[in-house]
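Worksheet: the structure to be examined is printed underneath.
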Amino acid sequence: MQNKKSVPVLLGLDVGHINTRASLFNSVEGKYRLLGEESSPTSVGMNLGSGAGSAIRALQRGTGYQLLKTGSGLIMPSSSPKQGVDQMV
């Protein structure tokens, strides 16, 4: 039997031509549930991180989860309830 590690908190990021969407999922009893989803205009040019950062900050406000470090970057892995993510896709 294959041993699969559970990923409790998952951040999905979809960078499109117009909008960047961030979605937050949590694993409960082996099934994922959507906690929240936010979008922001996609950044034009080489800095795609700006639109992604805006979508993730909006997701933080909407869900109450702290996902970003004070300076920059994701809090990984999740360290306490409502703080950090275990995987980003």
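Note: hydrogens, waters and symmetry copies are ignored here, and every other heavy atom, side chains too, is used.
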Give the C-alpha distance, both sets of side-chain angles, the deciding distance and a yes or no for side chain to side chain contact (heavy atoms under 4.5 Å, CB included) between Leu11 and Leu74.
CA-CA 10 Å; Leu11 174 65; Leu74 288 172; 3.8 Å; yes
Carefully, step by step, assess Leu24 and Leu10 under the rule side chain to side chain contact (heavy atoms under 4.5 Å, CB included).
CA-CA 6 Å; Leu24 189 64; Leu10 179 74; over 6 Å; no
Counting neighbours of CG on Leu34 that are heavy atoms of other residues, nucleotides or ligands and sit closer than 6.0 Å, is the number greater than 12?
yes
Does any N or O in the side chain of [X] come within less than 3.5 Å of the main-chain N or O of [Y], such that one atom is a donor and the other an acceptor?
| X | Y | answer |
| --- | --- | --- |
| Asp86 | Ser78 | yes |
| Gln60 | Leu67 | yes |
| Thr63 | Tyr65 | yes |
| Ser23 | Glu37 | no |

Hphob cluster co-occupancy, Leu68 + Val85, side-chain heavy atoms under 4.5 angstrom:
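Yes; Val85 is reachable from Leu68 via cluster members.
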Is there a path of hydrophobic side-chain contacts, each under 4.5 Å between heavy atoms of I/L/V/M/F/W/Y residues, joining Met76 to Leu59?
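Leu59 and Met76: one cluster.
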Which atom of [X] lies closest to which atom of [Y], heavy atoms considered:
| X | Y | answer |
| --- | --- | --- |
| Tyr32 | Pro8 | CE2-O, 4.2 Å |
| Leu13 | Ala52 | CD2-CB, 3.8 Å |
| Gln66 | Gln83 | OE1-NE2, 3.2 Å |

List in chain and number order the residues that pass side-chain hydrogen bond (donor to acceptor under 3.5 Å, both in side chains) with Ser40, two or more places apart in sequence or in another chain; answer none if no residue qualifies.
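If we apply the side-chain hydrogen bond (donor to acceptor under 3.5 Å, both in side chains) test to Ser40, skipping adjacent residues, there are no hits.
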Check: Val15 and Thr42 side chains under 4.5 Å, non-hydrogen atoms
yes
Is the closest side-chain heavy-atom distance between Val89 and Gln87 below 4.5 Å?
yes
Would you say the side chains of Asn19 and Ser39 form a donor-acceptor pair under 3.5 Å?
no
Any carboxylate oxygen within less than 4.0 angstrom of a Lys/Arg side-chain nitrogen, looking at Glu38 and Arg21?
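No salt bridge links Glu38 with Arg21.
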Checking Leu35 against Arg33 for the side chain to side chain contact (heavy atoms under 4.5 Å, CB included) test, could you report, in this order, the C-alpha distance in whole Å, the side-chain angles of both residues, the deciding distance, and whether it holds?
CA-CA 6 Å; Leu35 299 176; Arg33 63 184 175 125; 3.8 Å; yes
